[in-house]
Amino acid sequence: MDHNKYQHLLNQLYDAYHNDILQYVFFMLGDYNQARDIMQDTFLQAYHHLQTFQGENYKGWLSRIARNLTIDYVRKQRPIAYFLEVGSTSNINESSPEQIAMMNESEKELYLALSNLKHHYRDVIVLRKIKELSIKETSYILGWSENKVKVNLFRGMKALKKELNKVGYIHE
């Protein structure tokens with residue numbers, strides 16, 4: 001495939017998936033500007049590796065690149081917190097007032113609850129429940145077995161419900 005065909009394919013992939021990738025990274029970081037940068041880096045990295053891609057699931061491949069870039073970013077920004085999982089990776093306090101105002105109340109509560117979860121729970125919940133990917137797609141993106149996806153989703157949803165209870169969102 002020549003340079004023009006790669007560029008054309010990348011443009012098609014960007015048009016089809018850039019919003020999904022941006023939303024996924026935003027849910028992971030909570031920082032819109034950084035999410036945009038990582039989304040752009042995702043497509044740049046995809047362009048450089050298009051000739052070696054041998055799968056059929058471009059969305060899963062792009063999501064995996066975005067996840068890896070997001071993890072690398074978090075590690076560089078907060079290496080101790082990342083490895084010890086102390087605190088959250090939320091940047092909601094650093095978001096602009098316009099960005100916060102754009103989220104409705106339930107989205108804010110969900111975002112805050114997600115930001116308090118362990119990163120592997122947050123990953124699987126965002127991919128399975130928010131992005132509505134299949135178990136197979138999620139296992140590919142995360143590099144986990146399908147069983148690990150199911151177990152972490154179950155535990156993550158339990159932890160998310162607990163977090164939402166703390167803020168009074170879920171009434172039992």
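All values derive from a computational prediction rather than experimental measurement. One-based numbering along the sequence shown.
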Shortest non-hydrogen contact between Trp61 and His49, atoms and distance: CZ2-O, 4.0 Å
Which heavy-atom pair separates Ala113 from Leu160 by the least distance, and what is that distance? CB-CD1, 3.6 Å
When rounded to the nearest 0.5 angstrom, what distance separates CG in Leu127 from CD1 in Ile135? 12.0 Å
At their closest point, which heavy atom of Ser63 faces which heavy atom of Ile141, and how far apart are they? CB-CD1, 3.3 Å
Of the options Arg64, Lys148, Arg67, Lys129, which is the one that meets Asp123 in a salt bridge (charged side-chain N to carboxylate O under 4.0 Å, His left out)? Arg67
Of all heavy-atom pairs linking Tyr121 and Gly156, the shortest is CG-CA, 3.6 Å
Centroid separation Tyr17 to Phe43 less than 6.0 Å: no
Minimum side-chain heavy-atom gap Arg122-Phe27 below 4.5 Å: no
Verdict with supporting geometry, Val124 and Trp144, side-chain contact (heavy atoms from CB on, under 4.5 Å): CA-CA 10 Å; Val124 74; Trp144 296 350; 4.1 Å; yes
Rounded at 0.5 Å granularity, tell me how far CZ in Arg155 sits from NE2 in His120. 8.0 Å
Partner of Ile38 under side-chain contact (heavy atoms from CB on, under 4.5 Å), chosen from Val25, Asp31, Asn68: Val25
Can you list every side-chain hydrogen bond (donor to acceptor under 3.5 Å, both in side chains) pair that touches residues 134-143, not counting sequence neighbours? Ser134-Glu137
What are the two closest heavy atoms between Ala66 and Ile21, and how far apart are they? CB-CG2, 3.7 Å
Joint cluster assignment, Phe53 & Ile65, ILVMFWY side-chain distance < 4.5 Å: yes
Does the Gln51 side chain pair with the main chain of His48, one donor and one acceptor, at a distance under 3.5 Å? yes
Show your working on side-chain contact (heavy atoms from CB on, under 4.5 Å) between Gln12 and Asp15 and close with a plain yes or no. CA-CA 5 Å; Gln12 288 177 321; Asp15 290 342; 5.8 Å; no
Supply the atom-to-atom distance Asp72 CG to Asp41 CG, rounded to the nearest 0.5 angstrom. 10.5 Å
After noting the C-alpha distance and the side-chain angles of Arg128 and Leu153, does the key distance pass the side-chain contact (heavy atoms from CB on, under 4.5 Å) rule? CA-CA 8 Å; Arg128 287 285 294 132; Leu153 180 61; 3.9 Å; yes
In short, Leu62 meets Ala46 closest at the heavy-atom pair CD2-CB, 3.6 Å
Is the CZ atom of Phe154 crowded by more than 12 outside heavy atoms at less than 6.0 Å? no
